[in-house]
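Naming: A, B, ... by sequence-line order, numbering from 1 per chain.
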Amino acid sequence: MTVYIEQIAAHEGQEVTIRGWLHNRRSSGKIHFLTVRDGTGFIQAVMSKSGVSPETFQQADHLSQESSIVLTGTARADTRAPGGFEIDVTALDVVAPAHDYPVTPKEHGVDYLMDRRHLWIRTERQNAILRIRHEIVNAIRDFFNDRGFILADTPIFTPAACEGTTTLFSVQYFEDATAYLTQSGQLYNEANAMALGRVYCFGPTFRAEKSKTRRHLTEFWMVEPEMAYATLDDVITLGEALVTFVVGRALDRRARELRVLERETKNLEQVQTPFPRLSYDEAAKILKEKGLPFEWGGDFGGTDETVLSEQFDRPVAVHRYPSAIKAFYMKPDPDRPELSLSVDILAPEGYGEIIGGGQRLDNYELLLERIKAHNLPQDAFEWYLDLRRYGSVPHAGFGMGVERVVAWICGLEHVRETIPYPRMLYRLYP
RNA sequence: UCCUCAGUAGCUCAAUGGCAGAGCAUCCGGCUGUUAACCGGAGGGUUGUAGGUUCGAGUCCUACCUGAGGAGCCA
């Protein structure tokens with residue numbers, strides 16, 4: 001019976017067939033140990049000289065790493081096996097050999113591995129990360145779907161800059177026009193929320209910033225919810241519920257993968273609502289007290305974010321940033337107009353900003369003023385102004401960067417390992 | 001774009017300005033419980049590129065190329 005390795009426990013004592021690849025091989029002359037992987041897991045197959053034909057035993061002796069193989073044998077529980085089970089091999093079929101496989105079980109440098117990313121993802125560690133990413137993406141979709149949000153995807157080709165701040169990738173759009181790859185579904189989300197109430201978009205996002213840090217990719221995935229008739233408070237509550245749900249799902253369903261990564265889960269288990277909420281003013285005060293060279297009015301740098309998040313055992317919501325350092329569409333705080341009704345949620349352990357959002361400017365005159373002040377082309381924003389012309393309501397939303405969440409939950413040094421093929425400043429291959 | 005660091009065998013790395021080395025991988029041999037198995041042997045080099053200093057450069061100097069980390073900007 002053909003089975004997947006992840007289901008092996010249900011077949012103890014039975015004869016099973018595994019279809020996969022040879023991950024590693026050890027031998028003691030008259031006994032071979034073949035570590036096989038099939039995409040669902042890794043298992044050690046034991047082949048003794050007395051258990052198979054001489055030809056099969058000889059063949060296994062020369063089997064190279066990553067050769068594709070189909071093997072049959074008896075599933076047996078064994079306390080010595082990392083997964084709890086082994087297979088006593090009775091038959092082996094080599095589908096295709098692999099010669100001089102470059103990603104050996106030994107150490108390799110980052111550049112070497114990145115050039116071979118298409119092979120690197122076969123390793124147990126990368127496998128675990130991508131499985132956790134899958135779980136996180138699924139959890140995000142379930143979270144919004146279960147709460148009545150409608151998935152309404154926003155365009156990837158856009159006619160103009162959404163926020164006017166970051167550098168965009170441009171592409172030739174047929175003969176005459178230039179299109180830009182989206183940096184946020186935000187503005188379209190607002191229109192969708194006016195049509196559907198509560199919506200979210202979930203897709204790739206592109207930033208042509210020449211950022212060269214462990215927290216940046218040029219192409220990354222972002223989920224952006226937007227709600228009509230919602231306030232800053234509503235999005236903070238939604239954000240902390242989302243983060244808590246996603247972390248809980250990863251702990252619940254991907255414990256094995258987190259163990260592979262040797263992730264300390266104690267910190268993740270503390271992620272429960274409510275999150276501490278800190279005004280920008282209070283955050284600035286903390287940074288001053290810690291002796292950092294931070295001036296009120298500026299945005300937080302990487303070090304600032306790390307210091308702030310270290311004050312708490314769970315993510316922290318920092319709200320009401322100065323309007324001057326936030327996007328033009330942020331609504332001013334009625335009590336203090338120099339502040340915006342904005343929020344960033346910072347992950348613990350120095351992983352930085354994972355959520356950014358707030359309440360949107362819903363007043364026509366003020367929005368028009370802001371568009372002009374930011375030197376944005378008004379005609380490109382006429383449709384966006386329409387949302388304030390025809391039944392404007394308070395509304396709010398945020399964006400959450402998937403790769404940063406995955407890096408945090410997995411405890412990774414760099415976001416480049418959280419996506420199968422990362423796109424970075426100097427990385428477009430493979 | 002700026003700052004810092006790195007580039008030597010297929011991979012990971014050594015080598016005081018003085019003979020180009022090790023482990024792993026590969027190939028050959030040994031081993032019936034290995035977990036990155038181990039033991040013995042063999043093959044494997046335009047020291048990123050181009051100049052310069054020196055009796056002599058992997059090593060020092062200059063420029064360039066490639067990459068990494070960080071800054072700015074952001075999720």
When you measure from the centre of the six-membered ring of A:Phe275, is the NZ or CZ of A:Arg277 under 6.0 Å away and within 45° of the axis?
no
Contacts under 3.5 Å, N or O only, protein and nucleotides 67-72 of chain B:
residue : atom : partner  : partner atom : Å
B:G69   : OP1  : A:His414 : NE2          : 3.4
B:G69   : OP1  : A:Arg416 : NH1          : 2.7
B:G69   : OP1  : A:Arg416 : NH2          : 3.1
B:G69   : O3'  : A:Arg214 : NH2          : 3.0
B:G70   : OP1  : A:Arg214 : NE           : 2.0
B:G70   : OP1  : A:Arg214 : NH2          : 2.7
B:G70   : OP2  : A:Arg214 : N            : 2.9
B:G70   : N7   : A:Lys212 : O            : 3.1
B:G72   : O6   : A:Lys212 : N            : 3.3
B:G72   : N1   : A:Lys210 : O            : 3.2

With both distances under 3.5 Å as the test, what is the Watson-Crick or G-U wobble partner of B:C13?
B:G21
For B:A9 versus B:G43, give the span between their C1' atoms, rounded off to a whole number of Å.
11 Å
When the P atoms of B:A63 and B:C27 are considered, how many whole Å apart are they?
46 Å
Does any nucleotide pair with B:C5 by Watson-Crick or G-U wobble geometry, both distances under 3.5 Å, and what is it?
B:G67
Taking atom types as they are modelled, is there a donor-acceptor pair under 3.5 Å from the base of B:C11 to the side chain of A:Arg116?
no
Could you measure between the two P atoms, the one in B:U16 and the one in B:C61, and give it in whole Å?
15 Å
Could you tell me whether A:Gln65 contacts a base, only the sugar-phosphate backbone, or nothing, with contacts defined as non-hydrogen atoms closer than 4.0 Å?
nothing
Base paired to B:U59 (Watson-Crick or G-U; both N/O distances under 3.5 angstrom):
none
Determine the interatomic distance between P on B:A22 and the same-named atom on B:G40; round to the nearest Å.
13 Å
G-U wobble or Watson-Crick pairing nucleotide for B:C27 (cut-off 3.5 Å, both distances)
B:G41
When all nucleic acid strands are considered with a 4.0 Å heavy-atom cut-off, which category describes A:Arg125: base, sugar-phosphate, or nothing?
nothing
Between B:G56 and B:C3, how far apart are the P atoms? Round to whole Å, please.
34 Å
Hey, does the Lys NZ or Arg CZ of A:Arg117 hover above the aromatic six-ring of A:Trp120, less than 6.0 Å from the centre and inside 45° of the axis?
yes
Given that A:Asp78 and A:Arg25 both sit by RNA chain B, which one's nearest nucleotide is further toward the 5' end?
A:Asp78
Sugar-phosphate only, base, or nothing, as touched by A:Gly109 at under 4.0 Å among non-hydrogen atoms:
sugar-phosphate
Could you state the atom-to-atom distance from OH of A:Tyr321 to P of B:C74 in whole Å?
11 Å
Could you state the CE-P distance from A:Met330 to B:C74, rounded to the nearest angstrom?
11 Å
Identify whether any heavy atom of A:Ile355 sits under 4.0 Å from a base atom; if not, whether one sits that close to sugar-phosphate; answer base, sugar-phosphate or nothing.
sugar-phosphate
What is the nucleic acid contact for A:Phe220, judged by heavy atoms within less than 4.0 Å: base, sugar-phosphate only, or nothing?
base
Same-atom distance (C1') from B:A68 to B:U12, integer angstrom:
16 Å
Taking the six-membered ring of A:Tyr280, is NZ or CZ of A:Arg320 closer than 6.0 Å to its centre and within 45° of its axis?
no
Assert: residue with more 5' nearest nucleotide on RNA chain B, out of A:Ile31 and A:Ser27, is A:Ile31
Could you tell me how far apart A:Arg133 (CZ) and B:A75 (C1') are, to the nearest whole angstrom?
13 Å
Salt-bridge contact A:Asp111-A:Arg427 (side-chain N to carboxylate O under 4.0 Å)
yes
Residue A:Arg80, side-chain atoms from C-beta onward, closest of B:G33, B:C28, B:A75
B:G33
Looking at A:Tyr112, I'd like to know if its OH atom is crowded, meaning that more than 12 non-hydrogen atoms belonging to other residues, nucleotides or ligands lie closer than 6.0 Å.
yes
In whole Å, what is the span from the CZ atom of A:Phe33 to the P atom of B:U34?
7 Å
Mind calculating the distance between CE (A:Met47) and P (B:C31) to the nearest angstrom?
18 Å
Rounded interatomic separation in angstrom, taking CG from A:Asn24 and C1' from B:U26
15 Å
On a whole-Å scale, what distance lies between the P atoms belonging to B:C5 and B:C64?
16 Å
Reckon A:Glu86 touches a base, only the sugar-phosphate, or nothing at all at heavy-atom distances under 4.0 Å?
base
Applying ring pair (Phe, Tyr, Trp, His ring centres under 6.0 Å), name anything that partners A:Tyr200, two or more places apart in sequence or on another chain.
A:Phe144
Could you check whether A:Asp344 gets within reach of a base, just the sugar-phosphate, or nothing at all, counting any heavy atom under 4.0 Å?
nothing
Measure from the ring center of A:Phe300 to the ring center of A:Tyr321 and say whether it is less than 6.0 Å.
yes
Taking the P atom in each of B:G21 and B:U46, what is the distance between them to the nearest angstrom?
15 Å
Taking atom C1' of B:C74 as reference, at what distance in whole Å does atom CE of A:Met222 sit?
10 Å
A:Glu353, nearest nucleotide to its side chain (from B:C11, B:A75, B:G33)
B:A75
Can any side-chain N or O of A:Arg370 pair as donor or acceptor with the backbone N or O of A:Phe328 at less than 3.5 Å?
yes
Output a table of donor-acceptor pairs, distance under 3.5 Å, between side-chain atoms of residues 281-295 of chain A and any protein atom two or more places apart or on a different chain; print 'none' if there are none.
residue  : atom : partner  : partner atom : Å
A:Asp281 : OD1  : A:Trp296 : NE1          : 2.7
A:Asp281 : OD2  : A:Arg336 : NH1          : 2.5
A:Asp281 : OD2  : A:Arg336 : NH2          : 3.4
A:Glu282 : OE1  : A:Ser279 : N            : 2.8
A:Glu282 : OE1  : A:Ser279 : OG           : 3.4

Has the side chain of A:Arg263 got a donor or acceptor atom that lies under 3.5 Å from a matching backbone atom of A:Trp408?
yes
If you only use heavy atoms from C-beta on, which nucleotide in B:G33, B:A25, B:A36 is closest to the side chain of A:Thr104?
B:A25
Rounded to whole Å, the NE2-C1' distance (A:His62 to B:C28) equals 10 Å
